[in-house]
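As the structure is a prediction and not an experimental result, all values here were calculated from the model.
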Amino acid sequence: MDTLVATGKLRARIEVRGTVQGVGFRPFVYRLAQRFGVDGDVCNAGGYVVIRAQAAEARLAGFVAGLAGSAPPQANVTGVNVVPLPGNVALLPGFRVVESMRGRAAPPEVPPDLATCAACVRELFDPADRRYRYPFLNCTGCGPRATIIESLPYDRPSTAMRAFPLCSECAAEYEDPADRRFHAEPIACPACGPRLSWFPGASATAHGEDALAEARHAIAGGGLVAVKGLGGYQLVCDAANEQAVDRLRAAKPRPSKPLAVMAGDLATARRLSLVDKEAERLLTSAAAPVVLLPLREDAPLAEGIAPGLRELGVFLPTSPVHHLLLADLARPLVVTSGNRAGGPIATHDAVAHLVLGPIVDGVLGHDRPIWSRYDDSVVRTRAGRTTMIRRARGYAPAPMPLPRTGPEPIVALGAQLKNTVTLARGGLAYPGPHGGDLENAEALAAFGQSVRDLCRLHDTEPDVCAHDLHPGYLSTQYARRWPAGKRIAVQHQHAHVAATAAEHGVTGPFVGVALDGLGLGDDGTFWGGEVLLASYTGYRRFGRFATAPLPGGAAAVRRPARMALGYLFGAERFDEDGDPLHAPGALLDRLGEHEVTVVRAMIDRNVNCPRASSAGRLFDAMAALLGLCDDNGYEGEAASRLEAAATGARSARALAWWLRRRDDVWVYDPVPTLRDALESIEDTQVGEVAARFHRTVAEVVVALAAKAAAALGTEVVCLGGGVFQNALLTDLVLDGLTSAGLHPLAGERVPMNDGGISYGQAAIACARSNER
């Protein structure tokens, strides 16, 4: 703008980059132009917005300043470029929204889906409104975006709504600059838009309001219903009905993993959980994530919602269909992903009827296609800190910064569990939504589709791929589609800590603390409790947890009781003359003599007993030793139960622990910790021992990080890895590092679990590509 003013030009071509499509940006520009008396026009172009403007100098300056300064809440303006408009370009008086044009001058940014706004909710329940109880109403401030977009620019013909021609009334609203549905691409009404259908079997028996009534009746009667949501089908039942919840668990099957509960409003959410100001902000935000909150002891919920845990996943309605169901039923509902365990969420109607139809009382579907699969996002807020657990609907695929720009587009393929895919282009990373675990051919096919969708939406063909070191990961096998010279292998824990560093804009070397389950190390062993002296281009292993065998490999991951035997019978020893660990009688009684004998023989003979320096497996072992969890019904169950037991317990002092030096690496020896825990449990409550264990691990991390920071000459410590989903441990570590004079960073917008791996891979691959 300075150049424009300096040259005295009063005509400008303005490019606005960022998340500026699908968020009501063109209507906003129109109103801003009216306010400042600017002539010209605005249009979408590729993934950005182009404005041609003419006005008096001061008015034009105010208009340009307002483009970023007063943009719509869901917009994210990353750049405003102003150049003189050639004199041979004619502009008519007034201001218009004109037809989009194609262009690739900037990487396109796909807007996330937005939860139903307050204005649309009022219309939904207003009998005088023509969209009264219409399940697909929306405006420029809410509704589907990423899930219905086929390509950019974001116009109705490029969305799943192209199959629904506008009626005269909707067309008038769409073309009226004064209407909040001005250029709202998913605009619809009962006369011209999608409609609900009820399928109790292969054929629909009811439509519209009657279909909704059938679903409501089934849920109220204790039934299970599949509902077509924004980014995929969902399974819905009464959250207070124990039999319904049990049936849902058996149908998925999902024996013990906690279930998310949708509340109709904030008042209901407060009856279920403790909602502070930050939680209220998150619950009522346009992203409307599932928020993990302390569970009220008197919450009117079935006991099977979150067995053994002290927190609850709560969220508010995300679409008009949810609002209608919650209002009509007047009770909280379980709303969980519509899939069978291990499979992707159903998005296609035929798949939903085939996979979900046999396990539910009916399917509440509709005729608007879902073009991209999106699960619900999950966040945790605690002690004023918000961390991302699952980045999906409402957040993805909004861009994240990259500390270095790669010379060519890169796709990072993530890990085996909690898989995500990230596209890196033009100095930005575009993390795709949570895709689940890559455990079978069905999940692999969905993964491949997510790669293609992300690249298609951003109009990019990646030249390079980044992947995990583990050759057995399906994502790594998928990477073989690229030539060997175009593949960049990234160590798992390095990717974890790099993700946190990149999110916070760290540019120099940093200390990385990765507390994780299992990741293949560059020495061919399994890592998971690591302290790294790191940059984006490399790292040195400075500290680690001592190793223990995994009896049976993956079997020990599924069965923490086996992991406990691994530590008891085969933990890495530093004091050969010290007393051996003795298995507690309660554990031996639960396992039985045969299993104990077999596992001990496996360890003694080193048969199928890979060793791992895994913090996650140590948490599993402690949970089993304390009698909290012998078998993981879901990933991380033992650690979750251990955290639940520790929450609220007294934890004034840590258990015994030692740091040893081996092969120029500092090693945490957990044997003294385990011995102290086993001795303490004889006269101490389980919760207190669990709390002392958390404090022990936190003290170990702080001590190792302090040594590493001194060696590297930095104060920056970046945390990563799935163990940091443990809020109690994360709080203790962050507070301890801060007290030690260090500058700790944790993932906030990107998960610290494996859902953040692809973003870390992208940051590392971009940095390494610059050095090739």
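Around the NE2 atom of H470, the shell of radius 6.0 Å holds more than 12 heavy atoms that belong to other residues, nucleotides or ligands. Surrounding CD of Q685 are at most 12 heavy atoms belonging to other residues, nucleotides or ligands under 6.0 Å away.
Of all non-hydrogen atoms in A263 and L272, the two that sit nearest each other are CB-CD1, 4.3 Å. S285 approaches A115 most closely through the heavy-atom pair O-CB, 4.4 Å. L224 and V360 get closest at one heavy-atom pair: O-CB, 3.3 Å. Scanning both residues, P289 and Y395, for their nearest heavy atoms gives CG-OH, 3.5 Å. Contact record, V750 with G756: CG1-CA, 3.6 Å, taken as the closest heavy-atom pair. Here the closest non-hydrogen pair linking A346 and V351 is CB-CG1, 4.3 Å.
Between the CG atom in D349 and the CD1 atom in I370 there is a gap of 7.5 Å [rounded to 0.5 Å]. Taking CG from L565 and CG from L591, the interatomic distance works out to 5.5 Å, rounded to the nearest 0.5 Å. Note that OG1 of T422 and CZ of R391 are 8.0 Å apart. Values are rounded to the nearest 0.5 Å. One distance of note links NE2 of H217 with CG of L329; it measures 11.5 Å at 0.5 Å rounding. In this structure, the separation between CG on L230 and NZ on K228 is 11.0 Å, given to the nearest 0.5 Å. With rounding to the nearest 0.5 Å, the separation of CG in N753 from CE in M388 is 10.5 Å.
Residues H492 and D754 bring a donor and an acceptor atom of their side chains to less than 3.5 Å of each other. N419 and H434 form no side-chain donor-acceptor contact under 3.5 Å, judged by distance and modelled atom types alone. Looking only at atom types and distance, the side chain of D453 has no donor-acceptor partner in the side chain of S450 under 3.5 Å away. The closest side-chain donor-acceptor pair between E530 and S613 falls under 3.5 angstrom. Side chain to side chain, T696 and T673 fail the donor-acceptor criterion of an N or O pair below 3.5 Å. For the residue pair D468 and T476, no side-chain donor N or O sits within less than 3.5 Å of a side-chain acceptor on the partner.
Judged by distance alone, with hydrogens and angles left aside, the side-chain atoms of Q416 form a donor-acceptor pair with the main-chain N or O of L438 at under 3.5 Å. Remark: the backbone N or O of E635 is not paired with any side-chain donor or acceptor of R558 at under 3.5 angstrom. One N or O on the side chain of E242 and one on the backbone of G304 form a donor-acceptor pair closer than 3.5 Å. A donor-acceptor distance shorter than 3.5 angstrom exists from the side chain of S614 to the backbone of G517, with no hydrogens or angles considered. Of the possible polar contacts, none joining the Q493 side chain to the G529 backbone as a donor-acceptor pair under 3.5 Å is found. Remark: the backbone N or O of M752 is paired with a side-chain donor or acceptor of H496 at under 3.5 angstrom. Using modelled atom types, one side-chain atom of R296 and one backbone atom of R270 make a donor-acceptor pair closer than 3.5 Å. Although no hydrogens or angles enter the test, the distance criterion places no donor-acceptor pair under 3.5 Å between the side chain of T147 and the main chain of S372.
The existence of a salt bridge linking D375 and R393 is excluded, since no basic side-chain nitrogen approaches an acidic carboxylate oxygen closer than 4.0 Å. Remark: R590 engages D630 in a salt bridge, criterion side-chain N to carboxylate O under 4.0 Å. Ionic pairing of D437 and K418 is not present here: no N-O contact between side-chain nitrogen and carboxylate oxygen is shorter than 4.0 angstrom. Look at R247 and D361 and you find a salt bridge, because one of the NZ, NE, NH1 or NH2 atoms lies within 4.0 Å of a carboxylate O, short of that distance.
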Worked check of salt bridge (Lys or Arg N to Asp or Glu O under 4.0 Å) between R382 and D731: CA-CA 9 Å; R382 178 181 167 119; D731 288 346; 2.5 Å; yes

So V261 and L333, side chain to side chain contact (heavy atoms under 4.5 Å, CB included) or not? Walk me through it. CA-CA 6 Å; V261 174; L333 301 176; over 6 Å; no

Check the pair R216 / D328 against salt bridge (Lys or Arg N to Asp or Glu O under 4.0 Å), numbers first and verdict last. CA-CA 7 Å; R216 181 173 65 243; D328 293 349; 2.9 Å; yes

Check the pair F545 / L618 against side chain to side chain contact (heavy atoms under 4.5 Å, CB included), numbers first and verdict last. CA-CA 9 Å; F545 282 32; L618 179 60; 4.1 Å; yes

Verify salt bridge (Lys or Arg N to Asp or Glu O under 4.0 Å) between R385 and E748, making sure each step is shown before the conclusion. CA-CA 8 Å; R385 300 184 180 112; E748 297 172 3; over 6 Å; no

Listed pairs under 3.5 Å, donor-acceptor, residues 640-648 side chains, sequence neighbours left out:
residue, atom, partner, partner atom, Å
S640, OG, G636, O, 2.9
R641, NE, E637, OE2, 3.0
R641, NH2, E637, OE2, 3.2
E643, OE2, A727, N, 3.0
E643, OE2, L728, N, 3.3
T647, OG1, E643, O, 2.8

Which donor-acceptor pairs under 3.5 Å do the side chains of residues 311-318 make with protein atoms, sequence neighbours left out?
residue, atom, partner, partner atom, Å
E311, OE1, R380, NE, 3.4
E311, OE2, R380, NH2, 2.6
T318, OG1, H322, ND1, 3.1

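Checked against the 6.0 Å centroid criterion, the rings of F619 and F693 qualify as a close aromatic pair.
R254 pairs by the salt bridge (Lys or Arg N to Asp or Glu O under 4.0 Å) definition with nothing, not counting sequence neighbours. Applying the salt bridge (Lys or Arg N to Asp or Glu O under 4.0 Å) rule to E595 yields the partners R559, R562; only residues at least two apart in sequence or on another chain are considered. Under the rule for a side chain to side chain donor-acceptor pair (under 3.5 Å), the partners of D620 that lie at least two apart in sequence or sit in another chain are R617. Not counting sequence neighbours, the partners of F199 by the ring pair (Phe, Tyr, Trp, His ring centres under 6.0 Å) test are H353.
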